[in-house]
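Right, one structure below, let's go through it.
Each chain gets a letter, A, B and so on, in the order its sequence line appears, and its residues count up from 1.
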Amino acid sequence: MHEQHQILYKHRFVEGIKGIDVYRNHGGYEAFRKALTMTPEAIIDEVKLSGLRGRGGAGFPTHIKWASVPKNTDQEHYLIINADEGEPGTAKDRDLMNNLPHLLVEGCLIGMLAIRARKCYIYIRGEYAEPWQNVQRAINEAYRAGFIGKNVLGSGMDFDVYTHLGAGSYECGEESALISSLMGERGMPRLKAPSAPLYTVSGAWQKPTPVNNVETIATVVPIINMGGAEYAKIGYGSPRSRGTKLTSISGHVKKPGVYEITLGTPMREVIYDIAGGIRDGHTLKTYIPGGSSTGFMMPEPLDYPMDYEGVVTAGAMLGLGSGGLIVMDETTPIVPVTKRLVDFYHHESCGKCTPCREGLNWLAKIYDRILAGGGRPQDLDLIWDICDNVRGKSFCGLGEGAIVPVMTSIKYFRDEYMSYIKSGRDLVMV
Amino acid sequence: MPRFTSETKARIDEIAGRYPDRRSALLPALWVAQEVYDGWLPEEAMQEVADHLGMSRAEVEGVASYYTMYNKEPVGRHHIEICQNISCMILGSDDLIHHCEHRLGVGSGETTDDGMFTLSRVECLGACSNAPAVQIGATYHENVTKERLDTIIEQLKSAPSEVAHPAQAKMPEQGQF
Ligand SMILES: Cc1cc2nc3c(=O)[nH]c(=O)nc-3n(C[C@H](O)[C@H](O)[C@H](O)COP(=O)(O)O)c2cc1C
Ligand code: SF4
Ligand code: FES
């Protein structure tokens, strides 16, 4: 079995690590001290060397995002942290915020230095009252210890870190919708480059506001501590997938949990060793590699490296996703599960663009009919056509993601649909 | 009868000071209002938020209606929210929901006659590795079984109502929250 590096989670199980004293006794805020002696360019260079890519779903290189922030300091810049975690199957940012809130706060401070920002907003989904309390408590402690506030550590710089609670909307995790929501609007996505300036140039309040995922920003702490080049040595797969990935493993495995997994570890090891394999007496039917939007995959191939490139070569339509691995055994009824996801996306669609709004509305109706026993043979082609009309045509990633579980379920589990259509019965559920 | 006291308004003003513009305090202000108005947002609550932030009530309502956690109707003393999404579903959350509906004698989205419980189906709570997950007030319950849910419900009957959400924390200068 491949060694699993514990970079982010090195101190995850240390008693009291939530508190600033224990965190500092384990090297906490040393990376920030180091970063204070570096130029913004030098920080971004380390992140570039590390190969760090976004851990929130899209996998965009973090250093490019940061380098695109204008270098002038005469206007206010803001760092925005995406803690809206809502992608079904994903529970890793919550685990990090509950257990290592200071790692997040320290990452925010380094991120602010890198982009010359002095204020940071952490957008936390409304359901996360407990993570929010843990993070806010860490922020308060960091203020009192002088890591946030006025003239931090004698640097002459003032920093502020604020939390902002969402109020129940999956779409607000989409970075431009998150910006709308932060500004007190409905969570609607905004026009993107090239039709509009990058958010890193003109985002929230028309100021440069890059958005980073919780795990991404926390990972900057060990990168500054160990150096980007060292970090880049970690990984068993693609040269473009370096480091580790927090992954919440759920479903029919013996040891579900949130694990820090070294990128490139074979998927078979992830499911059978790290997660302990399928529960006794059952077999692997299918799995979703990184949150519901990444769709169903089959038990073969399974020996590919779990990383940004590996899952795509194994056939995933949307890549590694958010780090929510959902494992399902043969008792899983694919059609009802897919319907539940369709209803979810339909409910969460913000309604701004026609392909997603109308497409998901139709899909929801067709699934209702199929499950009620009124399915027709031509329904599968119809579903496929609707998906084709959403694919590549929706305004944001919600629509694009919504159709992936639908298309992959039809591709791999056509017989389960046909059973509903022919006899109104589920092949799996008794 | 307006319910915002000068203390409520000061709280919202402090929050508004964190953003480049006042409007951005709308979501946190609605949280404060929901706390002050016993867990939901009647028209008067939105009017008070609108007045205090210098917006129209229509604007405030337009935003509030977008977000599922702002309650547009009164909720029970305890709001039981059961995750129905994929990881919980494949580990029996539908059973849990049906069990709860039976036991409380209400459907999902409804409140018991005595105003004690509201039951809702919700989407992924981010507790998938400990499915099925149930949120009650601000508290998560994980790896929930029917038996455990029964025990929790019994205990809640004599427990004080938990405010849906602690509103935004105060900054340390204003003291610990
Ligand atoms: C519908 C939708 C929901 C999303 N939800 C989240 C989320 O909850 N957390 C997150 O970090 N990224 C989410 N994303 C991805 C963000 O748009 C964005 O790519 C990410 O926050 C960038 O940070 P990163 O580069 O550090 O990954 C979502 C995207 C879409 C389309
Ligand atoms: S794809 Fe869906 S969620 Fe995204 S803008 Fe269009 S309607 Fe809104
Ligand atoms: S699917 Fe239920 S908590 Fe994620």
- Note on the structure: When every non-hydrogen atom of A/M297 is compared with those of A/T286, the smallest separation belongs to O-OG1, 2.7 Å
- Identify which of A/E171, A/E130, A/H252 forms the greatest number of heavy-atom pairs closer than 4.5 Å to chain B. A/H252
- Query: Checking A/V253 against chain B: side chain, backbone, both or neither under 4.5 Å from a heavy atom?
  - Reply: neither
- When the aromatic ring centroids of B/W40 and B/Y70 are compared, is their separation below 6.0 Å? no
- Quick one: which of A/P336, A/P333, A/S248, A/S181 has the most heavy-atom pairs under 4.5 Å with chain B, could you say? A/S181
- Query: Using a heavy-atom distance cut-off of less than 4.5 Å, which residues of residues 120-133 of chain B contact chain A?
  - Reply: B/R121, B/E123, B/C124, B/L125, B/G126, B/A127, B/C128, B/S129
- Closest non-hydrogen contact found for A/V214 with A/L96 is CG1-CD2, 3.9 Å
- Okay, B/N143 and chain A: the region with an atom under 4.5 Å from a heavy atom over there is neither
- Item | chain B contact via A/C172 - which portion, at a heavy-atom distance below 4.5 Å | side chain
- Item | Contacts with chain B made by residues 80-91 of chain A (heavy-atom distance under 4.5 Å), listed by residue number | A/G86, A/E87, A/P88, A/G89, A/T90, A/A91
- Query: Quick one: NE2 on A/H164 to CG on A/L182, what's the gap to the nearest 0.5 Å?
  - Reply: 5.0 Å
- Given the options A/S292, A/G149, A/P256, A/G351, which has more heavy-atom pairs under 4.5 Å with chain B than any of the others? A/P256
- Nearest heavy atoms of B/C100 and B/L149, plus distance in Å: SG-CD2, 3.8 Å
- Task: Identify which of A/Y170, A/Y121, A/Y78 forms the greatest number of heavy-atom pairs closer than 4.5 Å to chain B.
- Result: A/Y121
- Query: Would you say A/L398 and A/C350 make side-chain contact, with heavy atoms under 4.5 Å?
  - Reply: no
- Message: Counting only heavy atoms from other residues, nucleotides and ligands, does the tally under 6.0 Å from CG of B/D113 exceed 12?
- Response: no
- Parallel, tilted or perpendicular: which describes the rings of A/Y128 and B/Y140, with under 30° parallel and over 60° perpendicular? perpendicular
- Query: Between the side chain of A/E330 and the main-chain N/O of A/T283, is any donor-acceptor distance below 3.5 Å?
  - Reply: yes
- Message: Let's test your reading of the structure: which of A/G184, A/A167, A/G187 forms the most heavy-atom pairs below 4.5 Å with chain B?
- Response: A/A167
- Message: As an exercise: rank A/R340, A/K255, A/K119 by heavy-atom pairs under 4.5 Å with chain B and give me the winner.
- Response: A/R340
- Please check if atom CD in B/E154 has more than 12 non-hydrogen atoms from other residues, nucleotides or ligands closer than 6.0 Å. yes
- Message: Looking at every non-hydrogen atom in both residues, tell me the closest pair between A/M188 and B/Y66 and how far apart they are.
- Response: N-OH, 4.5 Å
- Could you tell me whether the side chain of B/R77 and the main chain of B/D114 form a donor-acceptor pair under 3.5 Å? no
- Message: Which atoms of A/I288 are under 4.5 Å from chain B, going by heavy atoms: the side chain, the backbone, both sets, or neither?
- Response: side chain
- Closest approach of B/A33 to B/L41 (non-hydrogen atoms, all atoms of both residues): CB-CD2, 3.8 Å
- Is it true that A/R125 and A/D93 make a salt bridge, defined as a side-chain N closer than 4.0 Å to a carboxylate O? no
- Query: Taking the side chain from B/T118 and the backbone from B/G76, do they hold a donor-acceptor pair closer than 3.5 Å?
  - Reply: yes
- Task: Would you mind telling me which of B/V60, B/I86, B/L30, B/L26 has the largest number of heavy-atom pairs within less than 4.5 Å of chain A?
- Result: B/I86
- Task: Please state whether the side chain, the backbone, both or neither of B/Q84 comes within less than 4.5 Å of a heavy atom of chain A.
- Result: both
